[in-house]
Number of protein chains: 2
Amino acid sequence: MNPTMRDVADYARVSPMTVSRTLRDDPSVAPEKRSRVLAAVAALGYRRNEAARTLRVGGSTKLLGVVITNIANPFYAQLALGIEDHADKRGMRVVFANSGENTDRERQLVQDFAARRLDGIIAVPAANQHDHLDPAGLAAVPVVLAASPPHRINVDAVLLDDFGGTYEATSMLIARGHRNIGFLGLPAATWTGSERYRGYVAALEAAGLAVQDRFVRRNQPHVAAAVEAANAILDQPDPPTAVFAANNRNTIGAYRAIRSHGGTTALAGFDDFDFADLLDLPLIVVSYDAREIGRVAAELVCGHIDNPSSSPLARRVVIPTKVIDYPNAAS
Amino acid sequence: MNPTMRDVADYARVSPMTVSRTLRDDPSVAPEKRSRVLAAVAALGYRRNEAARTLRVGGSTKLLGVVITNIANPFYAQLALGIEDHADKRGMRVVFANSGENTDRERQLVQDFAARRLDGIIAVPAANQHDHLDPAGLAAVPVVLAASPPHRINVDAVLLDDFGGTYEATSMLIARGHRNIGFLGLPAATWTGSERYRGYVAALEAAGLAVQDRFVRRNQPHVAAAVEAANAILDQPDPPTAVFAANNRNTIGAYRAIRSHGGTTALAGFDDFDFADLLDLPLIVVSYDAREIGRVAAELVCGHIDNPSSSPLARRVVIPTKVIDYPNAAS
DNA sequence: CTGTTAGCGCCTTCAG
DNA sequence: CTGAAGGCGCTAACAG
């Protein structure tokens, strides 16, 4: 095994306490012994066991747990960066875990985090069932949700203006003369899914247009399904002249479908991406600062860590969205 | 504070040992006491402190540390997924930290990981200086490198066929008749940077072509710099008719520059990406399974965890690359 | 300035 | 089947 403080003490011919104090830079250690200890540490390759220290001091683990659905989604990668930004400032490390949109796994993960006594948890819930995210059932570890408001539990949340962004982008399509607009959405059971759909519907209604169910598909779990759904919408008689896609997966799918249909259908979608301005068809996207969401979530959870009594506030922070128009000269 | 095992024991009117045994599913606990304990656990919201348990049992933390340069790079996001894939199978969690291409920070991070007694560390080194990644200086925590072979330390590594992929893609450009081929590279001090350059040079030489320094730029830290470098190459009299870009950042930069120069320059680049087939210019990419790199790295590090004596082998696993041609009808 | 005692939360060992 | 004693590695709280 690794050397312990006892070993160092024996080697330096002092008591473990002197080693402990030296390692803590306690000024009340005689310079001579201090250097003996340091030499012993170097000779033995000793490294203090932080876990044991934490146990004794009753201190925190300085670990932040993050449960997201999929780190490969650039949105979550940015979120992760934002969380790390803030965590780093406080000397904290971040434990990431992917839930894969599975609530059971999400529950498992947060329980594991609680058992490990992480200082706080940031979660992007896979669904609308949040009972397992209640700090009350998680050894009182503070929880902050991202991208979805809490359902029947009392925790903070950092949200995106899903409704506003969708409303604005859809309205832009309408302003450009489109009257029949398709919608590729997310499961209605998720907050994001229902809010974005609500934005689409509200924009249509504000313009006096009716929602046509034949133009709406709301459950495409991957790009291939999105392509298929978009094709189904475009293959109808009297198809829509524009499509709104509720996330990047659907935007990519719609893009492929539109391209194979001649590229004359206008497209708008939630989530910006790197190549949006390099594609060969025009595109409107709803953009936002995902990194900021992570940063704010980390701030909120750290607030609870610093002040454990401040729990029952259930704050909401909404991050704004911005619509960007990429004219992309069509082929 | 959180309830402890003592609290549960008192509540259930048994000894702490009985609680301990019950929580471990030790069959030698009377059903009646067992249910009393379980009830107490539920009533108090008790959760065993895994850190304390680990201390006593001498067990592992079941944490894997990962140091990468930037999780926002899709390559590292995939790598992260691969690592998690394997870690999950073993009930391990993953601590991610970004070094931001900074070796000092990288050292800080791995030392923090060692102090926390993580079971293993996977690192994508920021530079060619690896002394701080030697397990000997890290409380003997096993280390595996990804994407770069170890320099003067004795650890396993999972590599990419940087040379072969670049050679093949460059050769494809040559086969299409290009004689003057630009190169947008990475810092020569990094393994990846020198290997990919070596592949470019070897392909030229194999075809009897001379390397022309005026076509080579090797240090673009972000897309804007890559655009600038590509412009500088293309603005020369008698510019190259093709460009090889050594990573996704450079490919994007080159793409933008080529586009603004009329789009007649052929482009090949290391790293595939989502929209490669949706762009409005043809493109050749060197593709590979980044997730597999992570999976293998996790396997290797777990091998050392299971068998601590197997350290001094310094195995190398090379993940193959594949060249993909995206004809992308030009505008 | 330094060492001793005791104990963080849990579990191994060994008597009952 | 159950409990008491002791200790994992570290450090507060006291002596000296």
Side-chain angles (χ1 to χ4, degrees), chain A residues 1-38 40-41 44-63 112 114-119 139-141, chain B residues 1-38 40-41 44-63 112 114-119 139-141:
Chain A
M1 257 314 273
N2 278 309
T4 129
M5 218 154 89
R6 260 241 86 78
D7 300 327
V8 177
D10 291 348
Y11 190 101
R13 286 162 303 140
V14 296
S15 83
M17 267 321 297
T18 303
V19 178
S20 176
R21 286 198 256 260
T22 303
L23 264 34
R24 229 177 315 142
D25 276 323
D26 188 322
S28 73
V29 175
E32 201 262 339
K33 296 205 171 179
R34 182 186 153 76
S35 55
R36 280 222 311 271
V37 169
L38 261 25
V41 166
L44 270 46
Y46 171 75
R47 192 170 291 283
R48 183 170 60 189
N49 184 329
E50 292 299 332
R53 174 179 173 42
T54 295
L55 180 60
R56 176 65 243 235
V57 181
S60 56
T61 54
K62 297 274 190 186
L63 287 176
D112 179 277
R116 292 174 183 277
R117 297 296 191 272
L118 302 205
D119 291 351
V141 176
Chain B
M1 260 312 272
N2 277 310
T4 130
M5 220 156 89
R6 259 239 89 74
D7 301 327
V8 177
D10 290 349
Y11 190 100
R13 285 162 303 138
V14 296
S15 84
M17 268 321 300
T18 303
V19 179
S20 176
R21 286 199 256 260
T22 304
L23 264 35
R24 227 176 318 141
D25 276 323
D26 187 323
S28 72
V29 174
E32 200 261 339
K33 294 202 173 178
R34 183 186 151 76
S35 56
R36 275 213 326 260
V37 169
L38 261 25
V41 166
L44 270 44
Y46 171 75
R47 190 170 292 281
R48 183 169 61 188
N49 184 329
E50 292 301 330
R53 175 186 165 79
T54 295
L55 180 60
R56 177 66 242 238
V57 180
S60 57
T61 53
K62 296 274 189 185
L63 287 177
D112 179 276
R116 292 173 182 279
R117 296 296 191 273
L118 302 206
D119 291 349
V141 176

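Below, chain A is the first sequence line, B the second, and so on; all start at residue 1. Since the model is a prediction, treat every value here as computed from it, not as a measurement. Because only heavy atoms are used, hydrogens play no part in the values below, and waters and symmetry mates are left out as well, while side chains stay in.
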Double-helix bend of the helix from dC1(C)-dG16(D) to dG16(C)-dC1(D), axes at both ends from 5 pairs, round to 10°, gives 40°
Between the main-chain N or O of [Y] and the side-chain N or O of [X], is there a donor-acceptor pair closer than 3.5 Å?
| X | Y | answer |
| --- | --- | --- |
| Arg13(B) | Asp10(B) | no |
| Asp119(A) | Thr61(A) | yes |
| Thr54(B) | Glu50(B) | yes |

Residues Thr4(A) and Tyr46(A): closest non-hydrogen pair is C-CE1, 3.6 Å
Heavy atoms of other groups near Arg24(B) CZ, more than 12 under 6.0 Å | yes
For Lys33(B) and dT2(D), is the shortest distance between a side-chain N/O and OP1 or OP2 below 4.0 Å?
-> yes
Hey, is the side chain of Ser15(A) poking within less than 4.0 Å of OP1 or OP2 on dT4(C), counting only N and O atoms?
-> no
When you check the gap from the basic side-chain N to the acidic O, do Glu32(B) and Arg34(B) get nearer than 4.0 Å?
-> no
Which of dG9(D), dG3(D), dC10(C) is nearest the side chain of Asn49(B)? It is dC10(C)
Please work out if Thr4(A) contacts a base, only the sugar-phosphate, or nothing of the nucleic acid, heavy-atom cut-off 4.0 Å.
-> sugar-phosphate
Could you encode protein contacts along nucleotides 11-16 of chain D as a string, one character per nucleotide from 5' to 3', using B for base contact, S for sugar-phosphate-only contact and - for no contact, with a heavy-atom cut-off of under 4.0 Å?
-> BB----
Partner of Val29(A) under side-chain contact (heavy atoms from CB on, under 4.5 Å), picked from Val37(A), Thr18(A), Val19(A), is Thr18(A)
